[in-house]
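Reading through the structure tokens given below for one structure.
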Amino acid sequence: MKLKALNGFKDILPAEAIGWQQIEYLSRDIFQRFGYKEIRLPIMEETELFARSIGQATDIVEKEMYTFPDKGITLRPEATASLLRAFIEHNMHVQQPVTRLYTFGPMFRHERPQKGRLRQFHQLDAEIIGADEPLVDAEMMAMGQLLLTELGLEASLEINSLGCPSCRPAFREKLVAYLQKFEVQFCSDCRRRTQTNPLRVLDCKNPRCRELVQNAPSILHSLCPDCKDHFELVQDAMNNLEVAYSVNRFMVRGLDYYTRTTFEFIAGNLGAQSAVGAGGRYDGLIKDLGGPELSGIGFAMGIERLVLLMQEKKNSEQCQPAATDIYVAALGDDATRYASVLVHSLRKNGIKAAMDYSGRSLKAQMKLAGRLNSRFALILGDQELENEEAILRNMKKQDQQNISLQGGPADLVKILEISNI
RNA sequence: GUGGGAGUAGCUCAGCUGGUGGUAGCACCUGGUUGUGGCCCAGGAGGUCGUGGGUUCAAGUCCCAUCUCUCACCCCA
């Protein structure tokens, strides 16, 4: 039997890993600029944590989690719940009034895989805990947009407010009343959603449902005064920061804990998926999980989706392997042994050196040097070994000179430094 | 959970209405240069045509089953 990766689980091969490294490097840099600290979290938690935070009735909890029932534990389907659990467990709120944290890592959901959607997927996640000012919401969205921009990606930002426990139930009732009035005209999925999750009807893809929903009551007209003010101030702040956005009153969230500001970064070329990142405010969640009464806001970006967008964007930029400083081509057993010591010395001195141990022809070794994008080749045969010298070839300029090895590796390091390595 | 599409060399794929598996491209190895890379030329290696049945004188090709991948629905980053 041929062994292979599980469906929905992917190997990230070296060529693709370069893009991942760019994303990780750049996002760390941006998070650091905004005052975030990294937190690293376990990938398993008690099942109850996710049931309580994401929502017992959501699809994620109901049918998509990888759970070990006998142990009561689950592979995390998202990052926020774990992060807040750790925040509460370690009383992190006593150290400072506002905490900014970020984390990276794999998430697991048992869905059918398709473009931009895997069973093990990776997110980078940022959260601000302990502040509910509209300026905080704006800062966070502006940071997300900056991250995408610096990655060379274009995404539009859509925002909405989902209200709070004091105004959302009333909206929900109004919406359900409207949906029931036109029930026969909605698709079968939406008729089901009217019962299970009426807000979901608002972002149905069916054209007929989209039309019907245009005249549905708007959440933005049902917000309580506090939520209304908050959302208006968020928009003011976004305008002041000059971050483009559009209000989309049909945007909903798949996780129950969201309140007030929610947002999505929308990009094309993700297959049926459109969001490369999404997030929102969750003001009651920390208390619900047994923590202090603190508000919070956060977002996650799908790393695979970022990679997809980056591949679309610059497919011309081939992933060249990083250049090698020097390739040592040895001919014969004695020279190979000598070269192995030399190469190790070079590496200890910070030089990226490569060689082959299998006694290939000089031609084959030069070919390898070329493929590794080597700046220099050092040719070392028995003749050279006898005289304690070697041929140093500049691969780009195609010229070469004899150099002495009597000074040992230190001399060679100096020569390479002079040669601008 | 539901539907569509696809499985031929390491990768990307030809292979028409059944008639010997492709000088195909990329990659790999060797040689052209007894010790000098990229370009070029010549040669070479590499495949149970996803698997199992069936129809047929003959199946990569047609039929059935099955596995896998993929796209989409659902849902979501």
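Quick caveat, the model's predicted, so the values are computed rather than measured. Throughout, a chain's letter reflects where its sequence line sits, starting with A, and its residues are numbered from 1.
- Rounded to a whole angstrom, the distance from the P atom of U61(B) to that of G43(B) is 32 Å.
- No N or O donor and acceptor, one from the side chain of Gln365(A) and one from the base of G35(B), sit under 3.5 Å apart.
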Validation: residues 138-147 of chain A side-chain donor-acceptor distances under 3.5 Å, sequence neighbours left out:
unit_1: Glu139(A); atom_1: OE1; unit_2: Arg100(A); atom_2: NH2; d: 3.0
unit_1: Glu139(A); atom_1: OE2; unit_2: Arg100(A); atom_2: NE; d: 3.1
unit_1: Glu139(A); atom_1: OE2; unit_2: Arg100(A); atom_2: NH2; d: 3.4
unit_1: Gln145(A); atom_1: NE2; unit_2: Ala155(A); atom_2: O; d: 3.3

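- Among the protein residues, Gln400(A) comes within range of the nucleic acid bases, having at least one heavy atom under 4.0 Å from a base atom.
- Residues of residues 24-56 of chain A that place a heavy atom closer than 4.0 Å to RNA chain B do not occur.
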Open item on the list: For a quick check, with a 4.0 angstrom heavy-atom cut-off, what is the B/S/- contact string for nucleotides 39-50 of chain B, read 5' to 3'?
Closed with: ------------
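- Taking only side-chain nitrogens and oxygens, Gln123(A) never comes nearer than 4.0 Å to OP1 or OP2 of A77(B).
- In this model, the phosphate group of U68(B) is not approached by any side-chain N or O of Asn7(A) to a distance below 4.0 Å at OP1 or OP2.
- Taking every side-chain heavy atom of Arg371(A) into account, C28(B) is the closest of U36(B), A77(B), C28(B).
- Between Gln273(A) and A77(B) there is no side-chain N or O to OP1 or OP2 distance below 4.0 Å.
- Taking 4.0 angstrom as the limit, Lys367(A) places none of its side-chain polar atoms (N or O) nearer than this to OP1 or OP2 of A27(B).
- Using cut-offs of 30° and 60° for the angle between ring planes, the Phe265(A) and Phe299(A) rings count as perpendicular.
- The NZ-C1' distance, from Lys115(A) to C75(B), rounds to 19 Å in whole Å.
- Of the candidates C69(B), G35(B), G1(B), the closest approach to any side-chain atom of Lys4(A) belongs to C69(B).
- Looking at Gln398(A), its side chain comes within 3.5 Å of the base of G38(B) through a donor and an acceptor atom.
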